[in-house]
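Comments concern the structure below.
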Amino acid sequence: MFDDDALTAEEVAEMLRVSKNFVYRLAQSSELASYRVGRKLRFALRDVEAYTRSRMRASQGTQTSNGPSPHPRTAEAGPSPSAAREGMSEMPRAFSLDGREPFVIAGNDLSGDIIAHALAAAGLPISRAYVGSYTALVNLYAKQANAALVHLFDRRTNAYNVPSVQRIAPGMPVVVIRLLKRKQGFIVQAGNPKKLTTWGGLLREGVRLVNRERGCGTRVLLDEKLLSLEARPEMVEGYDLECATGLEAATLVSKGCADVAIGVERLAKELPGLAFVPLQTEWLDIAVEKSQRTAPLVREIRKIAESESFRGAIDAIEGYEAANTGAIVYES
């Protein structure tokens, strides 16, 4: 649908969560197809999506039978959150694993990168698996991850995370630690030309949504809200158009390819010509497996979450708030 949209290197870097120089290196090596308009380098959205799919397949192809299996965009914890996102499927190996099996933290949020960096600095071998909240929790239950970042809304209880942990990981010894509070809502074009202020606005004729992929918390939130409205997915124009990241979805809204995406406030601030309509206060927690092996992991995550440095880092992110951070909200 959007194959002819020309993306700049800056836009591709934002979509992939890498540096602009990394995008140029991909183009130079022909890993990512590109073309020139005059002296300017341009990329087609279909080629960026093809590159992302190829990297996910390559990561899945490296799975081994020993320990937690790698996942799409899985990497060892590097020296900083920005470096953690630099190479998509690989990160700089600033901390040697010394042959030790890493603890895998699954989930997409920036807070997971901050925690991974702090854990690695404390001497724990850490890997990151960049997957959605639902998928992360499934991976935790399947023993493919040791911790999962979750922001999963349950309409029956009007609560976050604990109902999903109980349902998706039944009988598993876990502890759920609170990390942060933030707003989910509509990412729209500046001025909100479609005047979208409620979930029901998505059902109006002429409103084009760009959706997130199945398995992520944002998609779960939308589906739960549609159920509350007794609305079917086919009633939402663009429901089947899926993006692998929130930034990719926000980029399509910024370029006028869609009218609205669901996401967090910081995404609307990272691209020009966007506005944010807050609709839902949500909690992001980390569910950690409890076992003899993971006891140091649980202990260090609690220590990090309760620290002033972590709370300061969370408060510094646009739209994030360190509220009740470090509290145990569920334990089994």
Rounded to the nearest 0.5 angstrom, the CG-OG distance for Asp47 and Ser34 is 8.5 Å
So OG1 of Thr251 and CD of Glu11: to nearest 0.5 Å the spacing works out to 6.5 Å
Are any side-chain N or O atoms of [X] and backbone N or O atoms of [Y], one a donor and one an acceptor, separated by less than 3.5 Å?
| X | Y | value |
| --- | --- | --- |
| Ser332 | Val174 | yes |
| Asn139 | Gln144 | no |
| Ser254 | Pro272 | yes |
| Lys194 | Gly206 | yes |
| Glu248 | Ala244 | yes |
| Arg311 | Thr325 | yes |

Going by distance alone, is a donor N or O of one side chain under 3.5 Å from an acceptor N or O of the other, for Thr281 and Lys183? yes
Under 4.0 Å between a side-chain nitrogen and a carboxylate oxygen: does that hold for [X] and [Y]?
| X | Y | answer |
| --- | --- | --- |
| Lys290 | Glu331 | yes |
| Arg219 | Asp223 | yes |
| Glu321 | Arg182 | no |
| Glu318 | Arg266 | no |
| Glu237 | Arg204 | no |

Does [X] reach the side chain of [Y], with side-chain heavy atoms less than 4.5 Å apart?
| X | Y | result |
| --- | --- | --- |
| Leu140 | Glu289 | yes |
| His117 | Ile114 | no |
| Leu137 | Ser164 | yes |
| Asn324 | Leu180 | no |

Kindly indicate, with the supporting measurements, whether the criterion side chain to side chain contact (heavy atoms under 4.5 Å, CB included) is fulfilled by Val12 and Leu32. CA-CA 10 Å; Val12 174; Leu32 175 60; 4.0 Å; yes
Have a look at Val162 and tell me which of Val329, Val150, Asp285, Asp154 forms a side-chain contact (heavy atoms from CB on, under 4.5 Å) with it. Val329
What do the steps show when you test Lys225 against Gln280 for side chain to side chain donor-acceptor pair (under 3.5 Å), and what is the final call? CA-CA 10 Å; Lys225 293 298 181 180; Gln280 177 84 13; 3.1 Å; yes
Is the number of heavy atoms from other residues, nucleotides or ligands under 6.0 Å of Arg302 CZ greater than 12? no
On the 0 to 90° scale, with breaks at 30° and 60°, tag the Tyr160-Phe153 ring pair as parallel, tilted or perpendicular. tilted
